[in-house]
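We name chains A, B, ... by the order of the sequence lines, and we start the count at 1 in each one.
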Amino acid sequence: ELKVEQNPLFLSMQEGKNYTIYCNYSTTSDRLYWYRQDPGKSLESLFVLLSNGAVKQEGRLMASLDTKARLSTLHITAAVHDLSATYFCAAGGNYGQNFVFGPGTRLSVLP
Amino acid sequence: EADIYQTPRYLVIGTGKKITLECSQTMGHDKMYWYQQDPGMELHLIHYSYGVNSTEKGDLSSESTVSRIRTEHFPLTLESARPSHTSQYLCASSEEGEPYEQYFGPGTRLTVT
């Protein structure tokens, strides 16, 4: 059974700082998805990582995937307040699997 | 940009009422999903469908039911709403093949009094 964990669950950081969110999953999955959710809103797709070693960047966010380690990271560079949100990773989607979401990392960027 | 719609966006209703949450997508996706999410918490898959006349229960047991008569439409029904049903309900859809990415609707925030 596929399980997805995220670390940390809560993150408070100052503007301008760098930090990494980790996403581990329990069984084979060759793809990983990152979503952002603002309070009271729906999920917005950030990154789709489809192979081992995949790296994608958008603005101050960079995501990577290591399928051998069953690990994905979401790196935040020089955080700004607008990045405050909850970030979810999800694995699965193929081989007949449904998505399994992690518990989410609630990020708060303080001025 | 994903085109997936949910109505109503907000609903406050009394205990015992029957409600239907609507979800429609214009992308021709075969797969559709319903998730339940309490504020700031995890998403729980409650129903999914892989095509017309196909529906399955998800990981979280739910008293709701779904139907899939048309590809674009995946409504969720609660026959008798209870306060424990208060939550946000998110509908999503995805293509049959690569990259299997799910696109989410704006959600319905349900409050049962």
Exercise. Output the distance between atom CZ (Phe88(A)) and atom CD (Glu42(B)), rounded to the nearest 0.5 Å.
Key: 8.0 Å
Quiz prompt | Distance, nearest 0.5 Å, that separates CG of Leu43(B) from OH of Tyr35(A) | solution = 10.0 Å
Exercise. Could you tell me which portion of Gln37(B) (side chain, backbone, both or neither) has an atom closer than 4.5 angstrom to a non-hydrogen atom of chain A?
Key: side chain
Quiz item: Between Gln102(B) and chain A, which part of the residue has a heavy atom less than 4.5 Å away: side chain, backbone, both or neither?
Solution: both
Linking I/L/V/M/F/W/Y whenever any side-chain heavy atoms sit under 4.5 Å apart, do [X] and [Y] land together?
{"X": "Leu11(B)", "Y": "Leu78(B)", "value": "yes"}
{"X": "Ile4(B)", "Y": "Tyr89(B)", "value": "no"}
{"X": "Leu107(A)", "Y": "Val80(A)", "value": "yes"}
{"X": "Tyr22(A)", "Y": "Val100(A)", "value": "no"}
{"X": "Tyr35(B)", "Y": "Ile19(B)", "value": "no"}

Quiz item: What are the two closest heavy atoms between Gln88(B) and Lys41(A), and how far apart are they?
Solution: NE2-O, 3.6 Å
Quiz prompt | Sub-6.0 Å ring centroid separation between Tyr33(B) and Phe99(A) | solution = no
Practice problem: Find the one option among Gly105(B), Ala92(B), Gly58(B) whose heavy-atom pairs under 4.5 Å with chain A are most numerous. | Solution: Gly105(B)
Self-check item: chain B contact via Leu43(A) - which portion, at a heavy-atom distance below 4.5 Å
Solution: both
Quiz item: Glu44(A) versus chain B, heavy atoms under 4.5 Å apart: side chain, backbone, both or neither?
Solution: neither
Quiz item: Can you name the residues that form a side chain to side chain donor-acceptor pair (under 3.5 Å) with Ser64(B), not counting sequence neighbours?
Solution: His47(B), Ser62(B)
Practice problem: Check whether more than 12 heavy atoms from other residues, nucleotides or ligands sit under 6.0 Å from atom CD of Glu5(A), and answer yes or no. | Solution: no
